[in-house]
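Read through the structure below, which is laid out as structure tokens, and then see the notes.
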2 protein chains.
Amino acid sequence: MPYQLLKKNLNGNLNLSSKELEKISSYFTSKEIKKKEFLLTQGSICKFEGFVVQGCFRVFSIDKNGNDNTLYFAAKDWWLMDIDSFMNQTPSELSIEALEDSKVLLIGREDKQELCNSLPIVEKLFKIMFQKAIVSWQRRLIRNHSLTAKERYLYFIKTYPDISLKLTDKQIAGYLGIRHEFLSKIKKTEK
Amino acid sequence: MPYQLLKKNLNGNLNLSSKELEKISSYFTSKEIKKKEFLLTQGSICKFEGFVVQGCFRVFSIDKNGNDNTLYFAAKDWWLMDIDSFMNQTPSELSIEALEDSKVLLIGREDKQELCNSLPIVEKLFKIMFQKAIVSWQRRLIRNHSLTAKERYLYFIKTYPDISLKLTDKQIAGYLGIRHEFLSKIKKTEK
DNA sequence: TTTTAGAGTTGAACTTGTTCAACTTTTTTT
DNA sequence: AAAAAAAGTTGAACAAGTTCAACTCTAAAA
């Protein structure tokens with residue numbers, strides 16, 4: 001069942017034969033993470049790429065001033081990793097925390113390389129996934145520049161209604177780039 | 001010489017044989033663009049991926065309120081495209097404008113596909129380029145959330161001193177996500 | 001079940017950034 | 001070289017978002 005979700009996700013990016021899907025999935029191992037546990041800690045090296053099967057995660061980084069910046073949340077059917085750290089095996093600038101008991105499928109670096117070598121279409125598959133990711137990062141930047149905090153909040157809960165329900169307002173504020181006190185004030189004026 | 005720059009850029013992402021570099025470059029065609037001309041107009045379909053050999057471009061989008069959001073500037077040695085429009089052949093949300101007389105190397109969609117098919121390592125090459133792009137978009141988002149406008153401005157001119165010189169303050173303000181009047185006030189207090 | 005820690009709310013004072021309008025300076029066009 | 005069009009500056013009034021502190025309301029731990 002978890003592998004079924006992965007296959008569906010992969011197939012949504014690039015049409016693959018069931019044999020290819022089978023082979024790709026076989027490289028992933030399942031892992032369960034309890035609420036509040038970390039899948040990755042800032043400063044350590046990211047050894048996996050992960051796909052969320054169940055639960056919810058928060059990907060964030062803490063800067064020198066102690067500010068907690070949430071890059072994104074990842075619930076079921078989302079991918080999860082510190083690309084930079086995984087790619088270059090450098091200390092991660094990001095942390096990944098489970099917000100509830102969760103389940104992920106992980107692929108390690110060597111395994112991914114081996115998979116890419118033996119099945120070249122995987123390279124293309126990830127290329128497409130990364131392309132889509134860039135588009136959404138660009139759009140988020142534009143929204144951050146052109147919308148007010150309130151508009152960004154309304155966009156967020158409308159676009160990710162399921163994820164919003166799992167989050168505290170503090171977490172949402174961290175994602176929007178505002179203080180949680182201000183989010184509280186925003187919500188008062190809502191509708 | 002322009003192709004030399006392209007080869008060097010490609011090789012910086014992934015080690016390639018000179019034969020591979022030769023083949024890849026051969027798919028690109030050179031194009032000159034005069035200052036103020038557009039390489040891509042919002043609403044039209046992006047038919048190329050471009051590499052800047054000379055000059056400088058601004059990649060931006062105008063939202064419904066008429067706000068001009070600059071996504072990035074691309075000078076010599078930068079890549080240039082609307083990924084979403086190029087990938088899906090949908091109307092572009094972005095415009096690309098030459099800020100000075102410029103020269104680019106372009107590869108069309110079909111050509112790129114053909115190239116990828118005949119030389120699979122190209123898929124990997126672009127995958128790596130896209131990965132790097134994601135990392136820099138993520139970092140920019142974090143900076144936008146954790147730095148003040150002044151800090152972002154100082155970071156920008158320090159990180160891209162060459163590009164900054166080519167830009168007006170209005171253009172820089174558009175990139176930083178602030179009004180140009182405010183940038184003017186920031187600069188007064190600078191040092 | 002009680003305690004405790006964390007999440008959410010509110011107000012007042014404050015800082016950052018915007019708006020608009022008038023003006024000066026620089027660049028481009030004729 | 002003059003005229004026109006942009007780019008940059010400044011000030012005053014304003015709006016958006018922050019800070020801090022006090023408080024209330026959960027939710028989780030003991």
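Computation of the quantities below employed the complete heavy-atom set of this structure, encompassing side-chain atoms and omitting hydrogens, waters and symmetry-equivalent molecules. All chains are named by letter (A, B, ...) in the order of the sequence lines, taking the proteins before the strands, and each is independently numbered beginning at 1.
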*Before giving the answer on side-chain contact (heavy atoms from CB on, under 4.5 Å), spell out for B:Phe86 and B:Asp82 the whole-Å C-alpha distance, their side-chain angles and the decisive distance to 0.1 Å.*
CA-CA 6 Å; B:Phe86 182 77; B:Asp82 180 334; 5.9 Å; no
Give me, pair by pair, the N or O atoms of the protein and of nucleotides 26-30 of chain C that are less than 3.5 Å apart, along with how far apart they are.
unit_1: C:dT28; atom_1: OP1; unit_2: B:Lys35; atom_2: NZ; d: 3.1

*Bounds of contact between DNA chain D and chain B, in 5' to 3' order, using a heavy-atom cut-off under 4.0 Å*: D:dA7 to D:dA12
*Please give the angle, rounded to 10 degrees, between the axes at the start and the end of the helix from C:dT1-D:dA30 to C:dT30-D:dA1, where five pairs define each axis.*
50°
_A:Asp169 CG to C:dG6 P, straight-line distance once rounded to whole Å_ = 17 Å
*Are A:Phe60 and A:Trp79 in one and the same hydrophobic cluster, where Ile, Leu, Val, Met, Phe, Trp and Tyr link if side-chain heavy atoms are under 4.5 Å apart?*
no
*Closest heavy-atom contact between A:Leu40 and A:Cys46?*
CD1-CA, 3.8 Å
_Ring-face cation contact, B:Phe126 with B:Lys112, 6.0 Å cut, 45° max_ = yes
*Using heavy atoms and a sub-4.0 Å distance, could you list which residues of residues 170-181 of chain A are near DNA chain C? By number, please.*
A:Lys170, A:His180, A:Glu181
*Approximate separation, where rounding is to 0.5 Å, of A:Lys166 NZ and A:Thr168 OG1*: 14.0 Å
_Qualifying side-chain hydrogen bond (donor to acceptor under 3.5 Å, both in side chains) pairs with a residue from residues 123-134 of chain B, counting only residues at least two apart or across chains_ = A:Glu123-B:Lys127, A:Lys127-B:Glu123, B:Asn13-B:Lys132
*Can you measure from CG (B:Leu80) to CG (B:Leu39) and round to the nearest 0.5 angstrom?*
5.5 Å
*May I ask you to test the A:Arg58-A:Gln171 pair for a side-chain heavy-atom distance under 4.5 Å?*
yes
Residues 141-149 of chain B side chain polar contacts: donor-acceptor under 3.5 Å, at least two apart:
unit_1: B:Arg143; atom_1: NH1; unit_2: B:Tyr155; atom_2: OH; d: 3.3
unit_1: B:Asn144; atom_1: OD1; unit_2: B:Arg152; atom_2: NE; d: 3.4
unit_1: B:Ser146; atom_1: OG; unit_2: B:Ile142; atom_2: O; d: 2.9
unit_1: B:Thr148; atom_1: OG1; unit_2: B:Glu151; atom_2: N; d: 3.3
unit_1: B:Thr148; atom_1: OG1; unit_2: B:Glu151; atom_2: OE1; d: 3.4

*asked:* Can you see whether A:Glu114 engages A:Tyr27 through a side-chain donor-acceptor pair at a distance of less than 3.5 angstrom?
replied: yes
*asked:* Angle between ring planes, A:Trp78 versus A:Tyr72, binned at 30° and 60°: parallel, tilted or perpendicular?
replied: parallel
*asked:* I'd like to know if the side chain of A:Lys103 pairs up with that of A:Ser30 as donor and acceptor (distance under 3.5 Å, no hydrogens or angles considered).
replied: no
